J.: 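Take a look at this one; I'll ask things after.
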Amino acid sequence: MAFTMPAFASRLFRPFTSSARLGITADTSGGASSVTIPEGAEKATIAAGCFWGVEHMYRKHFGNKGLYDARVGYTGGDLSNPSYRAVCGGQTGHAESLQLHYDPARITYSQILEFFYRLHDPTTSDRQGPDVGPQYRSAIYYHGDEQERVAREVTRKADEQWYKGGVVTEIAPAGRWWDAEEYHQQYLHHNPSGYECPTHFLRTFPPLQ
């Protein structure tokens, strides 16, 4: 008889297998080709550990508030077109990341970054909870000078007011983006009992001043 992991246990352990072995069917309707990004949309790229939970939390919070699309993928590394397995090896330099397209008239970049600092632990270098390696680093990859300015300002405030000088988040210009394999897109929507990093939850902080 095949062993089936209980649902509660599956949320504690991250599978390291292909989509076929996980029994996941890719939802191609959620792919980039099915989403029309309107003119005037802006882009944000962040990394906060395992991208499944990060994507899920942004969609849940901003989904009807001006978020056009959220794609998980890889950035910050040297290898072209990296695979999930290669990135999980920790040798490609990539971070598991999330790229957002949003309506700047409804969502500000500051709001995206304040949410970023509430949803994960930015004080641990190259890890989130049990997930260890440079691919799980905390990072903001900015698109242009204004995003860099806002990223550094929000980071300074979060560091001083929320994390008492402990923030180790990388702030760097956005580089080449690679979409993750399709079975990773909206992973927790299709697998609601799937793994969620225990550091991914919304912290209760006073508003940044």
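None of the values given here were measured: they were computed from a predicted structure.
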J.: Which heavy atom of Ser97 sits nearest to which heavy atom of Ala95, and what is that distance?
T.: OG-O, 2.9 Å
J.: Work out which heavy atom in His200 is nearest to a heavy atom in Gly53; give both atom names and the distance.
T.: ND1-CA, 4.0 Å
J.: Could you go through the side chain to side chain contact (heavy atoms under 4.5 Å, CB included) check for Phe116 and Ser138 one step at a time?
T.: CA-CA 9 Å; Phe116 165 82; Ser138 174; 3.6 Å; yes
J.: Where do Glu146 and Tyr109 land on the side chain to side chain contact (heavy atoms under 4.5 Å, CB included) test, with the steps shown first?
T.: CA-CA 10 Å; Glu146 178 61 14; Tyr109 189 56; over 6 Å; no
J.: Can you check whether His101's main-chain N or O pairs, donor with acceptor, with Arg71's side chain at less than 3.5 Å?
T.: no
J.: Verify side chain to side chain contact (heavy atoms under 4.5 Å, CB included) between Trp162 and Tyr117, making sure each step is shown before the conclusion.
T.: CA-CA 9 Å; Trp162 290 350; Tyr117 278 117; 3.9 Å; yes
J.: When you measure from the side chain of Asp159 to the backbone of Gly166, do you find a donor-acceptor pair of N or O atoms at a distance under 3.5 Å?
T.: yes
J.: I'd like to know if Asp131 pairs up with Arg137 as an ion pair, taking the criterion as any Lys NZ or Arg NE/NH1/NH2 lying under 4.0 Å from an Asp or Glu carboxylate oxygen.
T.: no
J.: State plainly whether one hydrophobic cluster holds both Tyr163 and Ile140, where clusters connect Ile, Leu, Val, Met, Phe, Trp and Tyr through side-chain heavy atoms under 4.5 angstrom apart.
T.: yes
J.: Looking at residues at least two apart in the chain, or sitting in another chain, which of them share a salt bridge (Lys or Arg N to Asp or Glu O under 4.0 Å) with Glu114?
T.: none
J.: Stepwise, does the side chain to side chain contact (heavy atoms under 4.5 Å, CB included) test hold for Val72 with Trp52?
T.: CA-CA 8 Å; Val72 297; Trp52 296 335; 5.5 Å; no
J.: Would Arg149 and Glu153 count as a salt bridge (charged side-chain N to carboxylate O under 4.0 Å, His left out) if you check the C-alpha gap in whole Å, the side-chain angles of each, and the deciding distance to 0.1 Å?
T.: CA-CA 6 Å; Arg149 184 193 66 78; Glu153 179 69 7; 5.9 Å; no
J.: I'd like to check the ring-ring contact (aromatic ring centres under 6.0 Å, His included) partners of His143; sequence neighbours left out, ordered by chain and number.
T.: none
J.: For Glu160, I'd like to know if atom CD has over 12 heavy atoms of other residues, nucleotides or ligands within 6.0 Å.
T.: yes
J.: Using the ring of each side chain (for Trp, its six-membered ring), is Tyr58 parallel, tilted or perpendicular to Phe62, with breaks at 30° and 60°?
T.: parallel
J.: Check whether any side-chain N or O of Gln111 sits under 3.5 Å from a backbone N or O of Thr108 as a donor-acceptor pair, and report yes or no.
T.: yes
J.: Going by the angle between their ring planes, with limits at 30° and 60°, are His184 and Phe51 parallel, tilted or perpendicular?
T.: tilted
J.: Residues two or more places apart in sequence or in another chain: which of them pass ring-ring contact (aromatic ring centres under 6.0 Å, His included) with Phe201?
T.: none
J.: Pro122 and Thr169: which non-hydrogen atoms are nearest, and at how many Å?
T.: CB-OG1, 3.4 Å
J.: Which heavy atom in Ile107 sits nearest to a heavy atom in Leu67, and how many Å separate them?
T.: CD1-N, 3.6 Å
J.: If you take all heavy atoms of Pro173 and Tyr141, which pair is closest and at what distance?
T.: O-CD2, 4.0 Å
